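What follows is a set of notes on a single structure, which appears directly below.
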Amino acid sequence: MQPPNLKNDCFALPPGVHWTPVDEALDLLRQRLQPVVTSESLPVGLAAGRVLAEGVTARRSNPPTANSAVDGYGFAHAALGKGVQILPLISARAAAGQAFDGEVPLGSAIRILTGARLPIGVDTVVLEEDVTLQDVRIAFHDGLKKGANTRAAGEDVKKGGVILDAGHRLQPQDIALLAAVGVGQVSVFRHLRVGVLSTGDEIVPPGGDASDTQIYDANRPMLLAVLARWGLEAVDLGHVGDDRARLKAALDQAAERTDAILTSGGASAGDEDHMSAILNTQGTLHSWRIAMKPGRPLALGMWNGVPVFGLPGNPVAAFVCTLIFARPALGVLAGRIWQPPVGYLLPAAFSKSKKEGRREYLRARLDADGRVEVYHSEGSGRIAGLGWADGLVELADDARDINPDDAVRYYPYGAFDL
Ligand code: AMP
Ligand code: MG
């Protein structure tokens, strides 16, 4: 089934000259975006990294029956008394996959191994290390609680219970849970195909020759790598210069084979900002003036029904805008529930006097004392700082004087799924 199309105004922000706060822009994205991909059924073993299109219920309980948590001896707790316990062993054994189908008489014990179903007449197990074995009897001290060293049926998961919700991206640990409760196939979304296009006359492919006035394309390989980390299908759309006819042709082609497009460069409103110009005249443009540093205007819009995220050309700004806006937005387009990053309040290792009226993201990492240090430059062309950092520190919209040991919010790159 084909999901409904996005509306052309899904990126519209409040009109006027005011700079939109980050949270307001995120709320609007959250309200207006929806999955744009169809679903398919996959074997659980192939579904890691995919997003569930439907919630999943347990086909059976885990564990399916009560069983032993240790290697030892099983018996009925009701037969125990005070002091040293001596119980005769029956001549049978219960092991995982080799259940004992008979009954253990009250006052007797059976050799039992980890994972073995508890036989009839057994509700408690004593650890083999706590037992003296002689002839066919065991001796151990009193004090065991009823049910000791056993696992109850369904104590982990009950049959029929919801174990994972639609919109959840499957992690390796989820695969274990699905397998354990007998789920063999899951309904997951197809991969979201996301194109990456670089623009600008000065940009040349990385690795080749470049004159002094040319700039190697850093954004495209960076963004393609980010998308791959997010489990999306990254589509390399190459590079086009500052030429509207060629930009149009590139977008037309891209819209045929992708579900969303990331472009970098030319997103402001200057003479050479062709990305925003062409979206404005031939697609839909919403020029985002976000109260955020690094930022500058972003050009968001639709091209032939495909959402376009026109990122700034500066690699640092392109990277941060991708993590803050494109990550949750692409997640929803790909079927995920909206995923805010989870940050930590940690002591600062820096001082800064921050202006009012915009959100700031600084390249940051933890020092040996677990305090947050920031990169020595906030310049948004300083690519080296991205790799120096292990994450970003977020300074809220209001003015603030930060001194060492003040709490600041730190997001490790992992909070952005990197
Ligand atoms: P723009 O947003 O087009 O005004 O570009 C801002 C800055 O980012 C300029 O210095 C560009 O040369 C630079 N830039 C644009 N695209 C890229 C890219 N793909 N890789 C590295 N730098 C870029
Ligand atoms: Mg440019």
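Quick caveat, the model's predicted, so the values are computed rather than measured. Order of appearance sets the numbers: ligands from 1, and atoms from 1 within every ligand. Quick note: numbers below take in every heavy atom, side chains included, and nothing from hydrogens, waters or symmetry partners.
When heavy-atom distances to ligand 1 are checked against a 4.0 Å cut-off, Asn314 comes that close through both its backbone and its side chain. Of all the heavy atoms of His239, none lies under 4.0 Å from any atom of ligand 1, so neither backbone nor side chain is involved. Proximity of Asp217 to ligand 1, defined as any heavy-atom pair under 4.0 Å, is shared by backbone and side chain alike.
Below 4.0 Å from some heavy atom of Glu202 lie the following atoms of ligand 1, by number and element: 11 (C), 12 (O). Of all atoms in ligand 1, listed by their number and element, those nearer than 4.0 Å to a heavy atom of Pro315 are 21 (C), 22 (N). Residue contact check: Gly266 has heavy atoms under 4.0 Å from atoms 1 (P), 2 (O), 3 (O) of ligand 1. Taking every heavy atom of Tyr216 and a limit of under 4.0 angstrom, the matching atoms of ligand 1 come to 20 (N), 21 (C).
Between Gly200 and ligand 1 there is no heavy-atom distance shorter than 4.0 Å. The closest approach between any non-hydrogen atom of Arg220 and ligand 1 is not below 4.0 Å.
Heavy atoms only, all atoms of each residue included: Ile324 and Met292 are closest at CG1-CE, 4.1 Å. Contact record, Phe140 with Asp130: CB-O, 3.3 Å, taken as the closest heavy-atom pair.
Distance from atom 20 (N) of ligand 1 to its nearest protein heavy atom, with residue and atom name: Ala218 N, 3.0 Å. The nearest heavy-atom contact from the protein to atom 4 (O) of ligand 1 is Arg296 NH2, 3.2 Å.
When Asn219, Thr213, Leu197 are ranked by how near their heavy atoms come to atom 18 (C) of ligand 1, first place goes to Asn219.
For the residue pair Arg327/Gln339, the side-chain donor-acceptor check at 3.5 Å is not satisfied.
Among the atoms of Ile203, none of the N or O lies under 3.5 angstrom from an N or O of ligand 1. The distance criterion of under 3.5 Å between nitrogen or oxygen atoms is met by Gly313 with respect to ligand 1.
In this structure, Tyr216 places its OH atom where more than 12 heavy-atom neighbours from other residues, nucleotides or ligands lie under 6.0 Å away.
Between Phe416 and Tyr411, the two ring planes are tilted [angle within 30° to 60°]. Aromatic ring pairs are classed by plane angle as parallel below 30°, tilted from 30° to 60° and perpendicular above 60°; the pair Trp388 and Tyr375 is tilted.
With a 4.5 Å cut-off on side-chain heavy atoms, Leu418 and Phe319 count as touching. Within the 4.5 Å cutoff, side-chain heavy atoms of Leu279 are placed close to those of Trp303.
Checked against Val306 for a side chain to side chain contact (heavy atoms under 4.5 Å, CB included), the options Asn5, Leu251, Thr258 give a single hit: Thr258.
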